[in-house]
Amino acid sequence: FSHSIPISASYKLFNYIDLTLSANYNERWYTYKSVKEYNPTTDRTEYRRIYGFNRVYDFSTSASLNTTLYGFFQPWKIFGDKVQMIRHRITPRVGMSFTPDFGDAMWGYYDRLNYIDRSGTARSEEYARYGDGQIFGGPGRGKSASINFGIDNNLEMKVRTKSDSTETFKKISLIDNFSLNSSYNLAADSFQLSDISASIALRLSQSFQLSLSGSFDPYLYGHTTSSSGQVQVHRVNKLRMFNGKGIGSLRGTGTSFSYTLNNQTFQKIKEAFGGKKKDKNQRDTTPQDSLGTTP
């Protein structure tokens, strides 16, 4: 059996800051646990099952804070009076998560086998008591106490439009979302800062959206030369930003795009290939499709 209990609660601080507290508890019930033993006949280590009722559980906690800031900019008159306002929405967030080291001996999920093999060599192997064919596996190893932080940005423009002598306003998205994210592991002894991830989403038209993403390594790289003259590149536990080398070096990039299809899209394609343009006053009796939003 496997049980999972997620708990979360949200609070409003000072009317502007959102606080979210959460905890996750997972428990597994197994009918056996595995013990590793050395077989001198085969000179190999083998698992032996010990049957009985076994409770295997793990948990994690987290807390996060976020708020939303707005900035407004009225452009110069070089655009005339068509552009009314530009709005910048900023959403900074910071949080902390904690997961104990379930590989510690106090939990009893991992054990160590010490033995002497056939050649007389002393050997030691660490193994998981609930990793031998258990359907839900066991708790992971390693303590984690991370501070997560990031920021989201959105940029919109309000423009004036005229149609049939009627003046209206509409919003145009300049940047759908531009985000930066990273984390800092307080429990690690080195390389505590994770890679910095950046992504931007641009809505080039009402139906077409382009997304770009990248990952940046915040640490420096050095090299050593062996006695044979071979050069080996290795990571150095020094942040680039504190050594005049920028924020990070590019690890990789990604690109994706999406296009929304609806009835209007197919109507425009039909008109482009010589179809008759439908009269505005003509009632639309075309059945709606399920590929996109209703026009």
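Start at 1 with the first residue, then count along the sequence. Note: hydrogens, waters and symmetry copies are ignored here, and every other heavy atom, side chains too, is used.
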_Membership question, hydrophobic clusters at under 4.5 Å side-chain separation (ILVMFWY): are Phe149 and Leu180 in the same one?_
no

**Asked** side chain to side chain contact (heavy atoms under 4.5 Å, CB included) between Thr45 and Leu113: does it pass, once the steps are laid out?
**Response** CA-CA 9 Å; Thr45 57; Leu113 171 64; 3.9 Å; yes

Is it the case that more than 12 heavy atoms not belonging to Leu204 sit under 6.0 Å from its CG atom? yes

Is the distance from the ring center of Tyr32 to that of Tyr51 below 6.0 Å? yes

Point to revise | Close side-chain approach of Ile196 to Asn181, heavy-atom, < 4.5 Å | key: no

Is there a side-chain contact between Tyr127 and Tyr47 (heavy atoms, below 4.5 Å)? yes

To the nearest 0.5 Å, atom OG1 of Thr91 lies from atom CD1 of Ile151 at 8.0 Å

Salt bridge Lys36-Glu125, side-chain N to carboxylate O under 4.0 Å: yes

So salt bridge (Lys or Arg N to Asp or Glu O under 4.0 Å) across residues 133-159, not counting sequence neighbours, yields Arg87-Glu156, Arg93-Asp152, Glu126-Arg141

Joining Ile, Leu, Val, Met, Phe, Trp and Tyr whenever any side-chain heavy atoms lie under 4.5 Å apart, the cluster holding Trp29 also takes in Phe1, Phe53

d(Ser97 OG, Leu186 CG) to nearest 0.5 Å is 9.5 Å

Problem set entry | Pair Phe102 and Phe59, ring centroids less than 6.0 Å apart | yes

So CZ of Phe191 and CG of Leu239: to nearest 0.5 Å the spacing works out to 10.0 Å

Task: Atom CZ of Arg44 with >12 non-hydrogen neighbours under 6.0 angstrom - done: no

Please determine whether side-chain hydrogen bond (donor to acceptor under 3.5 Å, both in side chains) holds for the pair Thr68 and Arg89, giving the CA-CA distance in whole Å, both sets of side-chain angles, and the decisive distance to 0.1 Å. CA-CA 7 Å; Thr68 303; Arg89 187 179 72 225; 6.0 Å; no

Is there a side-chain hydrogen bond (donor to acceptor under 3.5 Å, both in side chains) between Ser197 and Ser215? Walk through the geometry before answering.
CA-CA 5 Å; Ser197 61; Ser215 179; over 6 Å; no

Determine yes or no for a side-chain-to-main-chain donor-acceptor pair under 3.5 angstrom, with Arg118 supplying the side chain and Pro40 the backbone.
yes

Point to revise | side chain to side chain contact (heavy atoms under 4.5 Å, CB included) assessment of Ile116 paired with Arg123 | key: CA-CA 6 Å; Ile116 299 177; Arg123 299 186 181 277; over 6 Å; no

Determine whether a donor-acceptor pair (N or O, by modelled atom type, separation under 3.5 Å) exists between the side chain of Asn185 and the backbone of Ala187. yes

Checklist line | Phe257 vs Gln209 side-chain heavy atoms within contact, under 4.5 Å | finding: no

Kindly check if the number of other-residue, nucleotide or ligand heavy atoms within 6.0 Å of CG (Leu19) is above 12?
-> yes

Review point. Is there a path from Leu65 to Phe98 through hydrophobic residues (I, L, V, M, F, W, Y) whose side chains come within less than 4.5 Å of each other?
Key: no

His223 NE2: over 12 foreign heavy atoms closer than 6.0 Å: no

Backbone of Tyr16 reached by a side-chain donor or acceptor of Thr67 within 3.5 Å:
yes

Enclosure of Tyr57 OH (heavy-atom neighbours >12, cutoff 6.0 Å):
no

When every non-hydrogen atom of Leu193 is compared with those of Tyr219, the smallest separation belongs to N-OH, 3.0 Å

Value for CG (Leu220) from NZ (Lys238), rounded to nearest 0.5 Å, stands at 7.5 Å

Mutual orientation of the aromatic rings belonging to Tyr259 and Phe208 [parallel < 30°, tilted 30-60°, perpendicular > 60°]
tilted

Worksheet item: So, the side chain of Asn153 versus the backbone of Phe178: is there a donor-acceptor pair under 3.5 Å, distance only?
Response: yes

inquiry  = If you define the side chain from C-beta out and look only at heavy atoms, does anything of Leu212 sit under 4.5 Å from Thr253?
reply    = no

OG of Ser60 to CG of Asp58, rounded to nearest 0.5 Å, is 7.5 Å

Asn39 side chain reached by Glu37 side chain, heavy atoms, under 4.5 Å
no

*asked:* Could you go through Asp104 and Tyr110, starting from their C-alpha distance and side-chain angles, then the distance that decides it, and tell me whether this counts as side chain to side chain contact (heavy atoms under 4.5 Å, CB included)?
replied: CA-CA 7 Å; Asp104 194 283; Tyr110 294 84; over 6 Å; no

Answer with yes or no whether the side chains of Ser249 and Asp217 bring together a donor and an acceptor at under 3.5 Å. no

Original post:
How about Ile7 and Ile5: do any of their side-chain heavy atoms sit closer than 4.5 Å?
Top reply: yes

### Any side-chain heavy-atom pair of Asn154 and His88 under 4.5 Å
no

Among side-chain atoms of Ser194 and Ser183, is any donor-acceptor pair under 3.5 angstrom?
yes

Note to self: Let's go through Leu21 and Ser8 carefully: what are the C-alpha distance in whole Å and the side-chain angles of both, what is the deciding distance for side chain to side chain contact (heavy atoms under 4.5 Å, CB included) to 0.1 Å, and is it a yes or a no?
What the structure shows: CA-CA 5 Å; Leu21 304 175; Ser8 64; over 6 Å; no

Handout entry: N-O pairing of Asp18 and Lys12 below 4.0 Å
Key = yes

Tightest non-hydrogen contact, residues Arg235 and Pro218, listed as NH2-CD, 4.3 Å

Side chains of Asn26 and Ser4: is there a donor and an acceptor less than 3.5 Å apart? yes

Between the OG atom in Ser34 and the CG atom in Asp111, the distance rounded to the nearest 0.5 Å is 11.5 Å

Lys/Arg cation over aromatic Tyr109: Arg129, 6.0 Å, 45° cone: no

Smallest heavy-atom separation, Gly248 atom then Phe216 atom, equals O-CD2, 4.0 Å

Hphob cluster co-occupancy, Met157 + Leu155, side-chain heavy atoms under 4.5 angstrom = yes

message = Under 3.5 Å, is there a donor on one side chain and an acceptor on the other for Asp43 and Tyr38?
response = yes

Decide whether Met241 and Tyr184 are clustered together by the hydrophobic rule: side chain heavy atoms of Ile, Leu, Val, Met, Phe, Trp, Tyr closer than 4.5 Å, transitively. yes

- request: Would you kindly confirm whether Leu250 and Val236 end up in one hydrophobic cluster when ILVMFWY residues are joined by side chain heavy atoms under 4.5 Å apart?
  value: no

Would you please say whether a donor-acceptor pair under 3.5 Å links the side chains of Asn148 and Ser146? no

Sub-4.5 Å side-chain heavy-atom contact between Val56 and Tyr30 = yes

**Asked** Any ion pair linking Arg55 and Glu27 (charged N to carboxylate O, less than 4.0 Å)?
**Response** yes

